[in-house]
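Naming: A, B, ... by sequence-line order, numbering from 1 per chain. Worth knowing before you read on, the calculation uses all heavy atoms, side chains too, and leaves out hydrogens, waters and symmetry mates.
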2 protein chains.
Amino acid sequence: MNIHDLAKHLNISIGTVSRALNGRSDVSAETRKRVLDAARKLGYSPNQSGRSLRRGSTGMVGFMVIANRSRAVRGEAFFMTVFDGVQSVLAKHNLDLVIYYCGDEQSPETYVQRIVERGLVDGLIVSQTTRVDHRIDYLLQQNLPFIAFGRSQSGGDHSWIDLDFEGVAEESIDLLYRLGHRRIAVATTAGDVNYGFIYAEACRAALKRRGLELDDDLIIREAISEAGGYRVGERLLAMKQRPTGVVSVENSLAIGLYSKLKEAGVEPGRDIAVVGFDETPTFGLFLQPSLTRFRLALVDLGRWLGEHMAELIEAKRSGKAAPVAHKIWPLEMVPGASTIPLLSAAGGGETVALRPETKPARRVRRASETAGS
Amino acid sequence: MNIHDLAKHLNISIGTVSRALNGRSDVSAETRKRVLDAARKLGYSPNQSGRSLRRGSTGMVGFMVIANRSRAVRGEAFFMTVFDGVQSVLAKHNLDLVIYYCGDEQSPETYVQRIVERGLVDGLIVSQTTRVDHRIDYLLQQNLPFIAFGRSQSGGDHSWIDLDFEGVAEESIDLLYRLGHRRIAVATTAGDVNYGFIYAEACRAALKRRGLELDDDLIIREAISEAGGYRVGERLLAMKQRPTGVVSVENSLAIGLYSKLKEAGVEPGRDIAVVGFDETPTFGLFLQPSLTRFRLALVDLGRWLGEHMAELIEAKRSGKAAPVAHKIWPLEMVPGASTIPLLSAAGGGETVALRPETKPARRVRRASETAGS
DNA sequence: TTGTACGCGTTATCAG
DNA sequence: CTGATAACGCGTACAA
């Protein structure tokens with residue numbers, strides 16, 4: 001079934017069919033109705049290849065996810081939730097979201113290159129950025145709208161969005177400091193993914209502001225998984241001078257950590273303070289004692305991606321300059337029972353008002369819509 | 001950059017360029033090398049729309065995931081792992097995997113229809129099947145290779161693969177029965193997704209084989225999430241006659257359940273037996289006491305999907321009949337400390353050899369490659 | 001308001 | 001072994 005068949009069926013020309021389907025004004029109301037009805041009845045939609053070839057654009061936005069690179073391994077709905085937001089916005093702009101999953105065997109750089117060269121998409125979102133990320137260098141020299149989900153040291157000025165690792169680190173360290181903790185470990189991700197470094201360095205800076213030095217031995221890099229968190233626990237417990245608190249860049253780390261600690265009779269909250277990271281609807285809400293963590297509006301983050309991508313594509317279409325945007329996405333602390341005042345704090349922390357909770361927070365919060373730089 | 005530009009650059013015709021790039025034999029070795037080198041250097045790949053239009057096929061296989069339908073909520077580790085397997089196999093057949101994420105606002109039926117009508121893919125995998133699933137009815141009457149990931153009552157004979165819910169139910173019930181449990185609750189998913197019903201019915205059958213009736217009150221349907229599991233716990237504890245054991249169709253249910261039980265001072269393993277479902281690398285491995293669960297080779301399942309899809313596409317290409325396959329994917333029990341013999345069992349269970357473990361099983365097992373029917 | 005005809009980029013056929 | 005050319009399905013400029 002193609003446009004010719006449909007035209008023949010209706011005894012009109014393909015030009016008229018095309019105009020009717022594309023909502024052009026120069027077609028009679030009656031003809032339009034006949035065409036639309038017939039198209040629905042016969043199950044006709046314009047062939048995408050023909051349309052793309054003619055139009056020079058595909059109407060597709062790609063979202064590239066990389067296998068086994070940090071967040072992709074997590075047992076939760078991180079990206080799926082983001083897709084939700086992206087999808088809902090793109091739909092309003094008549095754009096389709098397609099997800100490209102870059103498997104283990106192929107290099108992300110080659111993968112991006114193929115997507116671009118073959119003209120598969122009108123715009124691309126690349127996630128899981130590394131410190132040096134050649135995908136970004138490549139995309140910058142192409143003329144394709146793209147957004148990086150995650151910061152990188154690569155490339156020149158381009159649009160990106162990233163979680164507020166600095167803010168989380170500052171709040172996490174601040175909390176532990178006020179509770180009297182002075183020896184604090186940082187659990188972060190191994191591998192080259194950029195946020196592992198950003199988080200560790202932000203923790204270092206937060207400690208420094210309080211006159212504390214972050215010993216390199218206290219930065220524990222492990223794979224982002226419960227198993228990784230378990231190993232974090234092993235390494236913590238093996239230290240000659242055990243830290244009194246741990247902050248971690250990911251909740252799955254905290255989960256594995258809890259497990260190892262409990263095995264060793266070390267009770268989170270009582271014997272050691274633990275701070276997690278992002279809260280998702282189905283993951284880590286039910287740790288006991290409840291985990292101090294941060295609320296993250298992932299659907300809204302996806303919406304931001306969608307909105308900005310639509311802008312970029314529209315700007316390119318109309319020949320305008322690309323509106324580059326940078327966005328740091330805020331998170332909001334949800335205090336739990338895993339961070340309570342030290343009983344025998346050497347420095348003696350001040351009393352902090354906290355509302356530990358054992359049930360999941362249900363309130364949905366729209367992230368503030370502060371403009372990107 | 002298109003094929004004309006490249007041909008002009010090399011002072012040869014576009015026909016020769018095309019043949020060289022497509023590995024046809026009727027082109028001299030020297031010319032081929034020149035073409036391939038230039039293509040790489042200039043960053044040229046054939047435009048996908050042009051190629052698809054001419055060839056009548058896209059070389060793409062779609063994998064449709066539905067937002068907020070059961071597994072998708074926690075789904076990433078689940079589906080991403082499957083993608084990995086699919087991807088690796090398709091690559092060998094020069095097919096690309098693209099994931100279509102069907103958001104909340106659009107109907108899965110319309111979504112599938114659009115994908116097919118617009119000719120986006122050469123084959124489609126649809127997941128999260130419902131009991132009545134019009135996508136399957138639709139796909140059957142199209143001439144597009146497709147596989148359902150999940151059984152359905154819809155449609156005629158078509159290829160599908162599904163987890164061995166019956167086997168898991170049988171083994172779970174059998175274990176609890178042998179441990180002396182006689183009042184057993186079944187935690188399953190709410191909503192129309194088919195496997196929730198399959199699992200519950202399989203449990204009912206397994207109980208019946210042992211002379212037990214599954215009271216409808218003991219089938220607890222909740223959303224697949226930790227929060228859902230928490231509510232399962234609430235409902236269990238509210239029962240006048242509390243079950244001594246629970247089996248559940250999903251690990252996240254078990255996690256939330258643990259949480260509620262512990263809150264109430266009911267210790268899993270000691271006071272109530274709990275059986276989970278699939279084990280994933282990053283999810284629920286570290287519950288304490290360790291959860292009895294089932295090992296699932298998801299990457300291999302993905303490989304099966306990829307292999308069979310390649311077969312279907314090849315068959316269609318060569319005009320052969322579609323080789324329909326049905327596959328029940330096996331899982332292997334990993335005993336944990338959440339199922340131990342009842343101290344005060346009324347019926348008194350026999351002693352069962354179990355090897356409770358507290359650490360995650362690391363062994364990677366290739367699922368048996370039994371042929372589909 | 002509608003029909004005709006061209007070209008988007010590619011691959012395949014056919015002639016040389 | 002290579003070059004010229006037709007066709008894939010569509011949207012649109014232009015003619016009617």
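Contacts of B:Arg19 with the nucleic acid, taken as non-hydrogen atoms under 4.0 Å apart, include base atoms. Using a 4.0 Å heavy-atom criterion, one finds that A:Ile12 contacts the sugar-phosphate atoms exclusively.
Using bins of under 30°, 30° to 60° and over 60° for the plane-to-plane angle, the ring pair B:Trp160/B:His326 lands in the parallel bin.
Contacts of A:Asp133 classified as salt bridge (Lys or Arg N to Asp or Glu O under 4.0 Å), with partners at least two apart in sequence or in another chain: A:Arg135. Partners of A:Asp192 by salt bridge (Lys or Arg N to Asp or Glu O under 4.0 Å), not counting sequence neighbours, listed by chain and number: A:Arg131. Considering only residues two or more places apart in sequence or on other chains, A:Arg24 meets the salt bridge (Lys or Arg N to Asp or Glu O under 4.0 Å) condition with none of them.
Residue A:Tyr44 has no polar side-chain atom (N or O) positioned under 4.0 Å from OP1 or OP2 of D:dG9. Checking the phosphate oxygens (OP1, OP2) of D:dT2, no side-chain nitrogen or oxygen of B:Thr16 falls inside 4.0 Å.
B:Ile14 places its CD1 atom 9 Å from the C1' atom of D:dT5, with the value rounded to the nearest Å. Between A:Asn22 atom CG and D:dT12 atom P there is a gap of 6 Å when expressed in whole angstrom units. We find that CG of A:Asp5 is positioned 11 Å from P of D:dC8, with the value rounded to whole Å. When the P atom of D:dC1 is taken as reference, atom CZ of B:Arg24 falls 14 Å away, rounded to whole Å. Distance NE2 (B:His4) to P (D:dT5): 12 Å, rounded to an integer number of Å.
Looking at every heavy atom in both residues, A:Asn22 comes nearest to A:Arg51 through OD1-NH2, 3.0 Å.
Contact check on B:Lys8 versus B:Asp5 returns no salt bridge, with no Lys/Arg side-chain nitrogen under 4.0 Å from an Asp/Glu carboxylate oxygen. Using a 4.0 Å cut-off between a side-chain N of Lys or Arg and a carboxylate O of Asp or Glu, A:Lys41 and A:Asp37 do not qualify as a salt bridge. Using a 4.0 Å cut-off between a side-chain N of Lys or Arg and a carboxylate O of Asp or Glu, A:Asp122 and A:Arg55 do not qualify as a salt bridge.
Sequence order on DNA chain D of the closest nucleotides to A:Asn2 and A:Asp26 puts A:Asn2 first from the 5' end. Across the interface with DNA chain C, nearest-nucleotide mapping of A:Ser25 and A:Gly15 shows A:Ser25 to be the residue nearer the 5′ end.
The side-chain heavy atoms of B:Leu42 and B:His9, taken from C-beta on, include a pair separated by under 4.5 Å.
Side-chain rings of A:Phe63 and A:Tyr100 stay apart, their centers remaining 6.0 Å or farther from each other.
The stretch residues 28-36 of chain B comes close to DNA chain D through B:Ser28, B:Thr31, each having a heavy atom under 4.0 Å from the strand. The stretch residues 46-60 of chain A touches DNA chain C through A:Leu53, A:Arg54, each having a heavy atom within less than 4.0 Å of the strand.
With a heavy-atom cut-off of 4.0 Å to chain B, the contacted part of DNA chain C has its first and last nucleotide at C:dG9 to C:dT13.
Expressed to the nearest 0.5 Å, how far CD of A:Gln87 lies from CG of B:Asp104 amounts to 9.0 Å.
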